[in-house]
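Since the structure comes first, as structure tokens, the remarks are kept for the end.
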Number of protein chains: 2
Amino acid sequence: MRYEKGHKDTTRQHIIDVAARRFRQDGVAAAGLAGIMTDAGLTNGAFYTHFKSKDDLVCETLMNSLDTIRERILAAGQGDGAIREYLSVKHRDRPDTGCPTPALVAEIARLPKKTRTAYTERVNGLIDLIASRFRNGSDEERRRRAMALYGLMIGTVQLARAVNDKKLSDQILEGGLELALAVADRSSSIPMPPPED
Amino acid sequence: MRYEKGHKDTTRQHIIDVAARRFRQDGVAAAGLAGIMTDAGLTNGAFYTHFKSKDDLVCETLMNSLDTIRERILAAGQGDGAIREYLSVKHRDRPDTGCPTPALVAEIARLPKKTRTAYTERVNGLIDLIASRFRNGSDEERRRRAMALYGLMIGTVQLARAVNDKKLSDQILEGGLELALAVADRSSSIPMPPPED
DNA sequence: TGTACATCAGTGAACGCGCGTTCACTGATGTAC
DNA sequence: TGTACATCAGTGAACGCGCGTTCACTGATGTAC
């Protein structure tokens, strides 16, 4: 073959990497295949050698990004490092390399069933991972806290990104971080109104 | 004139109402003007009698929706009614009539400066309104808590909408609601790690 | 009272453009004999 | 060793389509005289 072994896989992964950046930066609907392929250093037509459709690419790309986020949370270890990273100025200012959820969650809700199912599975995994970091409470209670924490983090990042005022944006990150750390703090008891376990 | 007085204003508001629903349902990028005008019972061309451009409509529409949300929070009164409404199954299942932030916040971050500035102003107002409902803490601390609460609520609603599993979606709403109520509870002291009040 | 003209919200066809997708083709390499 | 053919990642022009936007026109009413 005129390309070394594994070349096609490399190219495919390269397209996914480029697309992952563009989708998070511009949104799935606004990011065109032509632009992605040009960025990847290829022409239009080569796209369909690697993917069945744009929806197919979106799905692959999402899974890839979510796996990266999972790895980063794992790499951050047991402390509050992952939370501080998630609610950092850096993450706010680089949606293209960050968690796909704040950038794309509203669009994901409108995507085909297959993609939503795959997304749901990964998010469920993330929730489990976050829950496993909590020390207090039953499994169920910790999972509920993990959902609230993830919701808080994605909403905070989005709000900080949408707002046009640097000072306000920084304050939003700080406010979200304060609460997130309180939720995550294993030694403190977060007051949860229906105290069930 | 061949139309009664105020007819044009009525039509304009009707287009805004229809557009507000479509934008929240399908996203700004995916909702076309032709569809909106057809829904409004008019033809393509009439659009530019009322608005300068799609961006102009988006801005007007956003402001209109945010004003409605503010009124609903005011109408819900001092208790936790507004929070329960925001994190309800009803709000999750009807993005088209709900708060525009969960539906559009990622797109808002990519909109023209004028729109983002107007959005920022309204969100700032919402934060002040939420903060004014808290009893404990300094103005600044209450505003930070209000930002965290709004971030939590929008993130929770989005996650509940994106996920493809009804049971998980309900649990996400419950988890978010628990934490939101804890944050809002005026009598409890939410542990905020740097306790500056 | 009757006629000519101005007004203007709305019509509907058309504009150029970029979208996702298709497809005949290229050309460097590997394989067969 | 040399020639004929197969492979296949990538090329680049073209497809129909819906987008946001423009514009000459309509027609019901109000105004002028």
Side-chain angles (χ1 to χ4, degrees), chain A residues 1-62 104 107-108 110-112 114-115, chain B residues 1-62 104 107-108 110-112 114-115:
Chain A
M1 296 181 185
R2 64 262 81 128
Y3 299 102
E4 63 264 51
K5 206 182 157 176
H7 169 86
K8 197 181 174 185
D9 286 351
T10 305
T11 302
R12 185 187 147 91
Q13 188 57 47
H14 180 54
I15 296 170
I16 289 176
D17 290 343
V18 167
R21 247 178 279 131
R22 295 281 283 223
F23 287 151
R24 285 177 285 189
Q25 183 80 249
D26 304 329
V28 169
L33 293 185
I36 288 167
M37 292 305 280
T38 301
D39 273 16
L42 295 164
T43 50
N44 272 346
F47 179 81
Y48 294 89
T49 310
H50 298 282
F51 305 97
K52 273 197 5 257
S53 64
K54 187 183 180 181
D55 276 337
D56 182 25
L57 172 67
V58 170
C59 189
E60 297 292 321
T61 288
L62 250 183
L104 304 173
E107 286 190 280
I108 290 165
R110 303 165 196 130
L111 256 25
K114 193 199 151 189
T115 309
Chain B
M1 296 182 188
R2 65 261 81 131
Y3 300 99
E4 63 264 48
K5 203 180 161 180
H7 169 88
K8 196 180 175 188
D9 286 352
T10 305
T11 302
R12 184 187 148 91
Q13 188 57 47
H14 180 56
I15 296 170
I16 289 175
D17 290 343
V18 168
R21 246 177 280 131
R22 296 280 283 221
F23 287 152
R24 284 175 285 189
Q25 183 80 248
D26 305 328
V28 169
L33 293 184
I36 289 167
M37 293 306 280
T38 301
D39 273 15
L42 294 164
T43 50
N44 272 346
F47 178 82
Y48 295 88
T49 311
H50 298 282
F51 304 98
K52 274 196 5 255
S53 64
K54 187 183 181 182
D55 276 338
D56 183 24
L57 172 66
V58 170
C59 189
E60 296 291 321
T61 289
L62 249 184
L104 305 172
E107 286 190 280
I108 289 166
R110 302 165 196 132
L111 255 25
K114 193 199 152 188
T115 309

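Here is how names work: the chains are called A, B, and so on, in the same order as the sequence lines, proteins then strands, and each is numbered from 1. As a basis for the values below, the full set of heavy atoms in this structure was taken, side chains included, without hydrogen atoms, waters or symmetry mates.
Pairs of Watson-Crick or G-U wobble type, with distances under 3.5 Å, assemble into runs of 3 or more in DNA chain D at these ranges: C:2-33 with D:2-33.
Phosphate proximity of C/dG10 to B/His50: present, with a side-chain N or O under 4.0 Å from OP1 or OP2. For C/dA9, the OP1/OP2 oxygens have no side-chain nitrogen or oxygen of B/Thr11 closer than 4.0 Å. The phosphate of C/dC8 (OP1 or OP2) has no side-chain N or O of B/His7 nearer than 4.0 angstrom.
C/dC17 atom C1' lies 16 Å from atom CG of A/Leu33, rounded to whole Å. Rounded to an integer number of Å, the gap from B/Phe47 CZ to D/dC19 C1' is 13 Å. C/dG10 atom C1' lies 10 Å from atom CD1 of B/Ile15, rounded to whole Å. Protein atom CD1 of A/Ile36 is 11 Å distant from nucleotide atom P of C/dT21, rounded to whole Å. Regarding B/Met37, its CE atom lies at a distance of 11 Å from the C1' atom of C/dA9, rounded to whole Å. For B/Asp26 and D/dC19, the CG to P distance is 11 Å, given to the nearest whole Å. As rounded to whole Å, 17 Å separates atom P of C/dA9 from atom CD of B/Gln13. To the nearest angstrom, C1' of D/dC19 lies 8 Å from NZ of B/Lys54.
Without hydrogens or angle criteria, B/Arg22 side chain to B/Ala31 main chain gives no donor-acceptor distance under 3.5 Å. With hydrogens and angles ignored, the 3.5 Å screen pairs no side-chain donor or acceptor of B/Lys52 with any backbone N or O of B/Leu57.
With rounding to the nearest 0.5 angstrom, the CG atom of A/Leu111 is 7.0 Å from the CG atom of A/Leu62. Expressed to the nearest 0.5 Å, how far CD1 of A/Ile15 lies from CE of A/Met37 amounts to 4.0 Å. Interatomic distance, CG of A/Leu33 versus OG1 of A/Thr38, reported as 10.5 Å (0.5 Å rounding). A distance of 11.5 Å separates CG in A/Leu42 from CZ in A/Phe47, rounded to the nearest 0.5 Å.
No hydrogens or angles considered: nothing links the side chains of A/Gln13 and A/Asp9 as a donor-acceptor pair under 3.5 Å.
Which of C/dG20, D/dG12, C/dA9 sits closest to the side chain of A/Thr43 comes down to D/dG12. The nucleotide whose nearest atom lies closest to any side-chain atom of A/Thr49 is, among D/dG10, D/dT21, C/dA9, D/dG10.
Within the nucleic acid shown, B/Ala31 comes within 4.0 Å of sugar-phosphate atoms alone, with no base atom in reach, counting heavy atoms only.
Partners of B/Asp56 by salt bridge (Lys or Arg N to Asp or Glu O under 4.0 Å), not counting sequence neighbours: none found.
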(request) For the pair B/Arg110 and A/Asp26, evaluate salt bridge (Lys or Arg N to Asp or Glu O under 4.0 Å) and give the outcome as yes or no after the intermediate values. (result) CA-CA 7 Å; B/Arg110 302 165 196 132; A/Asp26 304 329; 5.7 Å; no
Tabulate atom names and distances for all N/O pairs under 3.5 angstrom spanning the protein and nucleotides 22-24 of chain C.
none

